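Notes follow once the structure below has been shown.
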There are 2 protein chains.
Amino acid sequence: MARNTQVVADHNAPPVTQILAKQVATHPGFLAGGWSAAVDHEAHRTFMNWFGCAVGAAKHEAADAALAAVNMLQPAPQASVLGRAGKVDMASAALINGITSHTFDFDDTHLKTIIHPAGPVASAVLALAEHTGASGRELIDALVLGIDVSCRVGNAMYPEHYDRGWHITGSTGTLGAAAACARLLKLDMQKTAMALGIAASQPVGMREQFGTMTKPFHPGGAARAGLMSALLASQGYTASPKALEAPRGMMQTVSTKNDWREITDELGQRFEISFNSYKPFACGIVIHPSIDACAQLRAQGVTPEQIASIELKVHSLVLELTGKKEPQDGLQAKFSVYHGCAAGLTFGRAAEDEFSDEIVNRADMVALRRKVVATVDDSIDEASADVTAVLTDGRRVHVFVEHAIGSLQNPMTDAMLEAKFSGMSNAVIGATKTVDLIQACWAVGTATDVQTLTALARP
Amino acid sequence: MARNTQVVADHNAPPVTQILAKQVATHPGFLAGGWSAAVDHEAHRTFMNWFGCAVGAAKHEAADAALAAVNMLQPAPQASVLGRAGKVDMASAALINGITSHTFDFDDTHLKTIIHPAGPVASAVLALAEHTGASGRELIDALVLGIDVSCRVGNAMYPEHYDRGWHITGSTGTLGAAAACARLLKLDMQKTAMALGIAASQPVGMREQFGTMTKPFHPGGAARAGLMSALLASQGYTASPKALEAPRGMMQTVSTKNDWREITDELGQRFEISFNSYKPFACGIVIHPSIDACAQLRAQGVTPEQIASIELKVHSLVLELTGKKEPQDGLQAKFSVYHGCAAGLTFGRAAEDEFSDEIVNRADMVALRRKVVATVDDSIDEASADVTAVLTDGRRVHVFVEHAIGSLQNPMTDAMLEAKFSGMSNAVIGATKTVDLIQACWAVGTATDVQTLTALARP
């Protein structure tokens, strides 16, 4: 069977597997001057936001199903399922906490790549730290370095890799989780490269799964695979030392674009966790400017009863990702910019409660969604939205949101993050424990262990 | 950030996720006339060959490392690690048996796709059957239907998917393992579709890993992921009902070619396990014709001492996959057609022993490898080889192998498979148990359980 086996391949890629392994294994931690206090504070914000999301979704049916499947393996009680009473083995804890942290679509976003970086990385490294008795400082150091790996690989491949169909959170997250766990295990550069190499064979997630439980499975599966890759490497398991960059390595296999400088430039000086952001709204990030705009209309006194139509102009990606016109339940509504607009105008907010099945199917919400007329305008950035409310009396009220609340230019404050945490956590573990848990998250970088922290997350 | 988000996509794919789910959930088993006795016998050959490979590599350092990593999870003793004393949880057993079954590169090959189908599927379904107490008949039925899924998906995507860099055994194997486990768990069509959908987000393996322990990790990781996908689906976990075929689903994300008819044509009438083959030589299938040719030269009386040079003409793929001119150890030698020729001429065989580090580094082998002059001739099929021994006295002895021993046209007999099994198993569990184990493998389709079988595989 003769055939053309030629595929365009870059045979001159720099040795990024080794470069990243060296960085992860040898870069000084925060206390040794590895990065600024601002970066370290952002790492704490990332950790706290992730933790609250995981606790908040602990009783979701996706968590029930995942835990039931894991329990079929009769797991040893090594690490906590956040927001629930029991423990499971650390790899399964990484899986389930990764699932819950992304179930509400309320977690963090590295805006350059639309990666949700904490899900895979924090889920893996917290489970490992809990079981091994690592300190909170080691946890945060690993988180910073792990997220740097997944986001830099994401930068190199974005947007082609995402456009092709990969859910970039899971496909790069395995690498970030492996890097963080290798750091926590104090693997040397050689074994860290092996951990990255084993992880490189396990990208997780396709975009077709958006709107199903398998979307949050992606960061969970990536967390689990990354953690196991580090454990395997710690025991001498081998992989290609150029597993990321080789012509038949991970990056060239899953992306037609690979800008290697995104991995190597300013490595150790610029940390991608600095560019992390946190969602004020419990849905896909591309809907946020539209929700913000509609909430601003409400703040200006526009009421749903006045609406004849809502003219929404957005980038094509917004409708490609979140164009569900008639969502049937809460999960589908998270992929509906139409529902986002209706919630923003009706409630002035769009947290998890505004994505309940009940709210989504309320007659006034259905009616208001149907009044949203969305048109594509690719001159508008995908992080912006142009909204005009056309009122029944003929008036037109216009709002343009360049940078939505929660963006890098307009970030949530620490107090807003705490309020978001409480809004999710209070119902699961109670308000008293939630207050303590928030404080413990802020203080994790000075904690001698993380078991105190995870114990607070039990109902 | 305006950009072109258009990727060529097929929006008119048939609903193959549903079609395959229906087939797996509802096709009658062998006893109800689902397939012929010939197909069922081939399934037993597939199972036995896989089992022997897994037992044979049980003490390999890759198995040691993988088991050490799994033991860090303190697994429950649910299912056997073949060829070793202990048990681990069933998902970890699937992982490790999948690794060992492919460690020697001695397992089965679906020649149309170069998929090694049993590794992911049999490893998953045996571990699940052992823990759940399923019968041997249910095991074989699941194996037939699971392998049909992975190989049909492979047929649809081959060769573009493989050429892009995917190790097709692991990337399609997750689906086959999920299908087989869904069948064994008696999931209905709906849940079987969910199992396939969850698995679709977890393709495993890049070709860059060839020559490292991560190559055999691919079928192991696929087995584990497929088994977990079925467990998750059994507990109500959801995925896209068109996870395979949608524009951002698995197949279009990982392959530029998708011939959907390869999935749907003659479904339930033609079974891909019929086209499975078994290796007489412990290395990549594309080297086999060259080894066979050199063994034939030896049978004709040509000795290594007589050789001035060996002129080898093969398809370009042979050198692309196995062009290592100077392998440094046994694992590298499995990707060296040069070593294959030297072994064939020197020993007349190339089982695991001929790929030991000691043999590979022997001075006479190094010298003989250097006398092999390989040239590409794409008019020669990749399943053939044209070899001419140029002797020191000037004589030329020519052998052309169209179909190597072990090919579909020239298959190994049942007796040869038994001898291959013993050659791997005797050293691990002893000759007496090996005899019983071979008989138990042939009889598995009538066994009321599989625990008797797995117990025989303990040293």
Side-chain angles (χ1 to χ4, degrees), chain A residues 1-3 5 7 61-62 65-66 68-69 72-76 78 89-91 159 163-166 170 197-198 200-202 204-209 212-214 217-218 221 228 231-232 234-240 242-243 246-250 252-253 315-317 320 378-379 381-382, chain B residues 1-3 5 7 61-62 65-66 68-69 72-76 78 89-91 159 163-166 170 197-198 200-202 204-209 212-214 217-218 221 228 231-232 234-240 242-243 246-250 252-253 315-317 320 378-379 381-382:
Chain A
M1 183 188 57
R3 67 168 196 261
T5 60
V7 174
E61 60 186 345
M72 295 171 85
L73 305 181
Q74 301 169 285
Q78 295 183 327
D89 69 86
M90 55 183 162
D163 289 346
R164 179 57 274 174
W166 286 98
I198 300 164
S201 269
Q202 303 172 76
V204 178
M206 279 77 189
R207 282 167 52 193
E208 168 59 23
Q209 310 283 7
T212 76
M213 291 182 191
T214 297
F217 175 86
H218 296 162
M228 284 308 298
L231 296 185
L232 284 161
S234 77
Q235 299 297 332
Y237 212 84
T238 64
S240 166
K242 46 181 183 165
R248 299 289 180 277
M250 183 256 195
Q252 297 204 48
T253 297
H315 187 274
S316 55
L317 190 68
E320 190 189 342
D378 278 352
S379 71
D381 193 277
E382 64 201 46
Chain B
M1 185 189 56
R3 68 169 197 260
T5 60
V7 174
E61 58 185 345
M72 294 172 84
L73 305 181
Q74 301 169 285
Q78 296 183 327
D89 70 86
M90 56 183 161
D163 290 346
R164 178 57 276 174
W166 285 98
I198 300 164
S201 269
Q202 303 173 77
V204 179
M206 280 77 189
R207 283 166 52 193
E208 168 59 23
Q209 310 282 9
T212 76
M213 291 182 191
T214 297
F217 176 86
H218 297 161
M228 283 309 297
L231 297 185
L232 284 161
S234 78
Q235 298 298 331
Y237 212 84
T238 64
S240 165
K242 47 181 184 165
R248 299 288 180 276
M250 183 255 193
Q252 296 205 49
T253 296
H315 187 273
S316 56
L317 189 69
E320 188 188 342
D378 277 352
S379 71
D381 193 278
E382 64 200 46

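A note on names: the letters A, B, ... follow the listed sequences, proteins ahead of strands, and every chain is numbered from 1. Just so it is clear, the model here is predicted, and its values are computed rather than measured.
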* To the nearest 0.5 Å, what is the distance between OH (B:Tyr237) and CG (B:Leu231)? -> 13.5 Å
* **Interface residue of largest heavy-atom contact number with chain A, from B:Ala239, B:Gly170, B:Ala68, B:Ala76, under 4.5 Å** => B:Ala239
* Structure fact -> Heaviest contributor of heavy-atom pairs below 4.5 Å to chain A, chosen from B:Ala91, B:Ala66, B:Gly236, is B:Ala66
* Asked: Counting only N and O atoms by type, is there a donor-acceptor contact under 3.5 Å from the side chain of B:Asp89 to the main-chain atoms of A:Gln74?
  -> no
* Which residue out of B:Ala65, B:Gly249, B:Pro247 racks up the most heavy-atom pairs below 4.5 Å with chain A? -> B:Ala65
* Looking at A:Met250, A:Gln202, A:Met90, A:Gln209, which makes the most heavy-atom pairs under 4.5 Å with chain B? -> A:Gln209
* A:Arg207 side-chain N/O to A:Arg164 backbone N/O, donor-acceptor pair under 3.5 Å -> no
* Asked: Do you know which of B:Thr253, B:Val204, B:Ile198 has the most heavy-atom pairs with chain A at a distance under 4.5 angstrom?
  -> B:Thr253
* Given a strict heavy-atom distance threshold of 4.5 Å, which part of A:Thr238 is in contact with chain B: side chain, backbone, both, or neither? -> both
* **Nearest non-hydrogen partners of A:Gly197 and A:Ala243, listed with the distance** => CA-CB, 3.5 Å
* Asked: Which distance, rounded to the nearest 0.5 Å, do you find between the OG of B:Ser240 and the CE of A:Met213?
  -> 14.0 Å
* **Between CE on residue B:Met206 and CH2 on residue B:Trp166, distance to nearest 0.5 Å** => 3.5 Å
* To do: Measure distances from A:Gln78 to the heavy atoms of chain B and classify the residue's part below 4.5 Å as side chain, backbone, both or neither.
  => side chain
* Segment of A:Glu61 engaging chain B (4.5 angstrom heavy-atom cut-off) -> neither
